[in-house]
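Some notes on the structure that comes next.
Throughout, residue positions are numbered sequentially from 1 according to the sequence presented.
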Amino acid sequence: MSDSEASDVEEVAEELLTDDDIMSKYRTAGDIANLALSKVVAELADGKKIADICIAADKFILEQTSKSFKAAKIEKGVAFPTSLSVNHIVGHFSPEADDKTTLATGNVVKVDLGVHIDGFIATVGHTHVVGADVSRATTGRQADVICAAHIAAEAVLHMLKPGIKNKDITAVIKQVADTFHVNPVEGVLSHQMKKYLIDGTKVIMNKSTPEQQAHDFDIEPNDVFSIDIVMSTGDGKPKESDVKPTIYKRVVDQAYSLKLAASRKIFGEIKTKYPALPFNIRALEDKHVRFGLTECETHGLINAFPVVQERDGEYVAQFKYTALVGTAGAVKLTGHALPLVSSQYAIDNPELKTLLASSISFNKKKSKNKNKKRKIDATPSSSSSSSSTTSTSTTTTTTKKKDEATPMDTN
C-alpha cells in the first residue's frame, strides 16, 4: 500500500455483501488466523519461551499468506503481531527475541494476533490454561473469568444486528461480568475495521465509565468489527507495566521533519513496510531501533501499544473475533475450540438466556420475485467456533482439530 493510500483508507462497506473477491479475502484471512491460533495453542506448554512462540507464529502467518492470491499483486501478512499475555498481564506482551520469559503450568495465557489479505483484516484472541488436564475442567476464579469473557463474546455476536446500539451491547457485557463476579477491563475497545484500518472510529466499549465514553451509533449492514472482550478477576482498571512496548503503529495523518539520521532511517522503513497496520520492532532491520523510535514517538509519528497489567495475583481472560454484519445478523470468521472450564456461577437472567439461545442469520431472505444477486458464502470457516446458538452452561469443552496435528516451528 502506498503512503497516499494509507492516509486515505478505502471504505468498502457498500461492496461487502455482493463482492465475492472481498468476501474471499476476509475468509482467507480468517482461515489463516484460525490456523495460526491453533498452532500457537499447541505450543503453550511449561518451559516454552514466549518470544519463540510469537516469532514462529508471525513467520507462519507470512508463509501462509504468501501462498494465497498468488496471481494478484496485493499486500498480505501480519495485521497485528502475535502477543502472549500471562495471568494479570492484560495484553500486548510480544517480547524481543532475546527475552527469556517462559510459560509455566497453570498460566492463564491470552493469545492475540491478526492477519490481512489486501488490507482486509481478520483478528482473533483466545485464552488458554497451560498444562490443564484435558479430562478435568479448570475451576475457581480462572474458570469464572474465562466463562465470563467467552459468554459475553457470544452474547455480543447475537446482538450484532442492524439497529442495535453500541451502548446496549456494552450494557450486556457488564451483565455477564456481574453474573460471574468479575469486571470488564476498562480501556478495551471493539473497533470497526475497514480496508487497512484496524481501529476505526466506531467502537463498542468493553466497559463504560464517566471518564471513558464512546459516541453512540447503531450497528449497520456491512459493518466489520473486531470484537474484543476482556474480563478480570480484579477491579478492571489496568495500569501500564514497566515492560517496554514492542508493538507500534504509524499515525498516518501526522507529519514531522525528523532531526536524527537514525530516526529518519527507521521511519522510512516503517512507511515502506508498515504504513498503516501495527508492527513489532523485531521485524525492523535496523539494530538501533529503540534509539530511532524515540524521536518518532515523541513527535507523534507512531503510537505504542503499551503492555498493561492488573494487580499481581489476578487473572485476565480475553476472547476476540472478527464479525461481518449482514442485513439480519453477523457471521463470525475467527475463533478456537474452548478449554474445559467449569465456573461456580451460571447465567440465570431470563433475557440473557433468551439472547444466547437465539438463532443467528447473516442476511434476510429475499423474495423469489426479485432479481437475484450473486450468492455469497458468508458462513464461518470450519475452524472457527461460530455456532448459531450457544449454551448458557458454564462448562465448555475442547476438541482436537486436524490443523493442530502439525507442530509450529519455534526454532
Side-chain ([X]) to main-chain ([Y]) donor-acceptor, under 3.5 angstrom:
X: Asp99; Y: Thr101; answer: yes
X: Thr65; Y: Ile61; answer: yes
X: His191; Y: Val203; answer: no
X: Thr233; Y: Val182; answer: no
X: Ser241; Y: Val307; answer: yes
X: Gln142; Y: Val108; answer: no
X: Glu310; Y: Asp235; answer: yes

Is the closest side-chain heavy-atom distance between [X] and [Y] below 4.5 Å?
X: Lys237; Y: Asn183; answer: no
X: Met205; Y: Ile173; answer: no
X: His336; Y: His128; answer: no
X: Leu301; Y: Ile270; answer: no
X: Ser94; Y: Arg282; answer: yes
X: Leu338; Y: Ile146; answer: no
X: Thr28; Y: Phe120; answer: no
X: Lys110; Y: Val316; answer: yes

Open item on the list: Using side chain to side chain contact (heavy atoms under 4.5 Å, CB included), reason through Leu258 and Ile266 one step at a time and then give a plain yes or no.
Closed with: CA-CA 11 Å; Leu258 294 164; Ile266 286 293; over 6 Å; no
- [ ] From the options Leu189, Ile229, Ile169, Thr170, select the one residue that forms a side-chain contact (heavy atoms from CB on, under 4.5 Å) with Asn206.
- [x] Ile229
From [X] atom [atom1] to [Y] atom [atom2], the distance as rounded to the nearest 0.5 Å:
X: Asn166; Y: Phe225; atom1: CG; atom2: CZ; value: 7.5 Å
X: Ile281; Y: Ile302; atom1: CD1; atom2: CD1; value: 9.5 Å
X: Arg264; Y: Lys271; atom1: CZ; atom2: NZ; value: 11.5 Å
X: Met231; Y: Gln318; atom1: CE; atom2: CD; value: 12.0 Å
X: Ile32; Y: Leu37; atom1: CD1; atom2: CG; value: 13.5 Å
X: His181; Y: Tyr345; atom1: NE2; atom2: OH; value: 4.5 Å

Task: Partners passing side chain to side chain contact (heavy atoms under 4.5 Å, CB included) against Lys259 (at least two apart in sequence or in another chain) - done: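 Scan of Lys259 (side chain to side chain contact (heavy atoms under 4.5 Å, CB included), adjacent residues dropped) gives Tyr256, Glu295.
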Which heavy atom of [X] sits nearest a heavy atom of [Y], and at what distance?
X: Leu157; Y: Tyr321; value: N-OH, 3.0 Å
X: Ala51; Y: Ala97; value: CB-O, 4.1 Å
X: Asn349; Y: Gln175; value: ND2-NE2, 3.6 Å
X: Ile53; Y: Lys48; value: CD1-CB, 3.9 Å
X: Asn34; Y: Thr334; value: OD1-CA, 3.2 Å
X: His158; Y: Lys161; value: O-CE, 3.4 Å

Open item on the list: I'd like to know if Asp112 pairs up with Lys320 as an ion pair, taking the criterion as any Lys NZ or Arg NE/NH1/NH2 lying under 4.0 Å from an Asp or Glu carboxylate oxygen.
Closed with: yes
Is it true that [Y] and [X] share a donor-acceptor pair across their side chains at a distance under 3.5 Å?
X: Gln213; Y: Ser208; value: yes
X: Asn363; Y: Thr327; value: yes
X: Asp228; Y: Ser190; value: no

- [ ] Go through the steps for Val145 and Phe180 under the test side chain to side chain contact (heavy atoms under 4.5 Å, CB included), then give the verdict.
- [x] CA-CA 7 Å; Val145 75; Phe180 290 91; over 6 Å; no
- [ ] Report the C-alpha separation of Glu96 and Arg290 in whole Å, then their side-chain angles, then the decisive distance to 0.1 Å, and conclude whether the side chain to side chain contact (heavy atoms under 4.5 Å, CB included) test is met.
- [x] CA-CA 11 Å; Glu96 297 184 63; Arg290 287 286 184 189; 3.3 Å; yes
Task: Mutual orientation of the aromatic rings belonging to Phe319 and His126 [parallel < 30°, tilted 30-60°, perpendicular > 60°] - done: perpendicular
Check this for me: [X], atom [atom1], are more than 12 non-hydrogen atoms of other residues, nucleotides or ligands nearer than 6.0 Å?
X: Lys49; atom1: NZ; answer: yes
X: Lys249; atom1: NZ; answer: yes
X: Lys244; atom1: NZ; answer: no

TODO: Could you walk me through whether Thr179 and Ile151 pass side chain to side chain contact (heavy atoms under 4.5 Å, CB included), step by step?
DONE: CA-CA 11 Å; Thr179 298; Ile151 292 178; over 6 Å; no
Identify all side-chain donor-acceptor contacts of residues 76-84 below 3.5 Å with residues at least two apart in sequence or on another chain.
{"residue": "Lys76", "atom": "NZ", "partner": "Ser68", "partner atom": "O", "Å": "2.2"}
{"residue": "Lys76", "atom": "NZ", "partner": "Phe69", "partner atom": "O", "Å": "3.3"}
{"residue": "Thr82", "atom": "OG1", "partner": "Asp58", "partner atom": "OD1", "Å": "2.8"}

- [ ] Take Asp21 and Lys25, measure what salt bridge (Lys or Arg N to Asp or Glu O under 4.0 Å) needs, and give me the verdict at the end.
- [x] CA-CA 6 Å; Asp21 183 58; Lys25 289 171 181 175; 2.9 Å; yes
